[in-house]
Asker: 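My questions will all concern the structure given below.
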Amino acid sequence: MVRSPGAARIGGLDETIFDEMSALAVRHDAVNLGQGFPDVDGPDEVVEAAVDALRSGRHNQYAPGGGIPSLRMAIAGHQRRFHGQEVDPDTEVLVTTGATEAVAAALLAMVDPGDEVVALDPYYDSYTAGIALAGGIRVPVTLPPPDFAFDVDRLVAAITPRTRLLLLNSPHNPTGIVLSRDDLAAIAEVVVEHDLLVVTDEVYEHLVYDDHEHVPIATLPGMAERTLTISSAGKTFALTGWKVGWAVGPPPLVKATRAVKQFLTYSSGAPLQPAIAGALDLPDSYFAGLSATMERRRDLLVDGLVGLGMEVTVPAGGYFVSGDIRPLGFDDGLAFCRMLPEQVGVAAIPHQVFWDDPATGRHLVRWSFAKRSSVLEAGLDRLAALAG
Ligand SMILES: *Cc1c(COP(=O)(O)O)cnc(C)c1O
């Protein structure tokens, strides 16, 4: 007998729901509206730049642990151009293996065992894992369905003397809410009053629809010195497999995060880094075109799901629509999503895996619109079997 290899700390961690549902999608040749990856690659010139970097023979060995200088400069330029945020590319920017590593390294760097980490509930699944790995205690600030509105009173109620850090995500996965400037100002007031750190995941910063606006909380008064802002090339350039991400913030937070990051991966994606440096310098029209295209796809999917009788919350940002399946005669999203690929030929993600209390999201299913219109239409056609 070999004793169970799992440490207690990772007891709750298992295969992600994304792998499970994507595997079901492949097995049943289903239209995959589950996992949030685009089905068309990002700009040709960015891919060509990576090919050139691979062939040049100058980018195939370890990149510096903090990222190559041209990429750090491009990240600083991007923060200035889009957010009016000034950061020093040498001391306030860290290149990471996707936003995922940045979040994990930041939590490991800033959270001691027993520290409380307050996070918006539902959460992206890697937060739960990162907090658990750090030995922290997760404290939810629930965004209640159906509109998932943020309420600062819930944040105030979640704070205790053991609260160390607030983990934010806006535009938010899976709900699609975008925290408004007023929300962020209210959050900033609480954070300053209780002297908390903020880690904010802004990977959907360029995917904001209608007249919503993405405001990095780091740009609010008093916040720059206590906020680590995380983003990534994956969603902005439709290159999720490249796993090039970054963190920007004050030197002590960047330094601490880097200290952990260097022993997770040291560095990664050396030939991809110069290509992403170029991508971040693409003209404004690229970024505007991306959100316009995604907004049309959002509308297509929202209209289609509503047409099937689902109750849908229209997302202000991100990749996903949340739909209530009860009007279709179902009440358990997990059972629904396990049935769907085989019975209907579509894959989706059950909401309940994102919630502190799974019961809150039991009737909700997350659908991705990061797909070509023809694919969304094919998925909707198949889903019509449910309504019929
Ligand atoms: C997709 C996603 C990530 C992952 O980013 P990578 O750069 O691929 O690691 C992180 N946070 C959220 C909220 C996401 O949706």
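Atoms within a ligand are numbered from 1 in the order they appear, just like the ligands themselves. Just so you know, these numbers use all the heavy atoms, side chains as well, and skip hydrogens, waters and symmetry mates.
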Asker: With a cut-off of 3.5 Å and sequence neighbours excluded, list every side-chain donor-acceptor pair involving residues 37-44.
Answerer:
from	atom 1	to	atom 2	distance (Å)
Asp39	OD1	Arg372	N	3.0
Asp39	OD2	Arg372	N	3.1
Asp39	OD2	Arg372	NE	3.2

Asker: Considering only N or O atoms, set out every pair between ligand 1 and the protein closer than 3.5 Å, with distances to one decimal place.
Answerer:
from	atom 1	to	atom 2	distance (Å)
ligand 1	7 (O)	Ala99	N	2.8
ligand 1	7 (O)	Ser232	OG	2.6
ligand 1	8 (O)	Lys243	NZ	3.3
ligand 1	9 (O)	Ala99	N	3.1
ligand 1	9 (O)	Thr100	N	2.9
ligand 1	9 (O)	Thr100	OG1	2.6
ligand 1	9 (O)	Lys243	NZ	2.7
ligand 1	11 (N)	Asp201	OD2	2.5
ligand 1	15 (O)	Asn173	ND2	3.0
ligand 1	15 (O)	Tyr204	OH	2.6
ligand 1	15 (O)	Lys235	NZ	3.2

Asker: State whether a side-chain donor-acceptor pair under 3.5 Å links Arg138 with Tyr127.
Answerer: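 Note: Arg138 and Tyr127 side chains miss the donor-acceptor criterion.
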Asker: Please state whether the rings of Phe82 and His78 are parallel, tilted or perpendicular, taking 30° and 60° as the class boundaries.
Answerer: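 Tilted, since the angle between the ring planes falls between 30° and 60°.
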Asker: Do Arg298 and Phe369 form a cation-pi contact, if we require the NZ or CZ to be under 6.0 Å from the six-membered ring centre and within 45 degrees of the ring's axis?
Answerer: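 No, Arg298 and Phe369 do not form such a contact.
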Asker: Check the orientation of Trp367 and Phe336. Use parallel for under 30°, tilted for 30 to 60°, and perpendicular for over 60°.
Answerer: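 It falls in the perpendicular class, over 60°.
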Asker: Which residue is it: Glu205, Glu202, His206? I am looking for the one with a side-chain hydrogen bond (donor to acceptor under 3.5 Å, both in side chains) to His214.
Answerer: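 Only match with His214 under side-chain hydrogen bond (donor to acceptor under 3.5 Å, both in side chains): Glu202.
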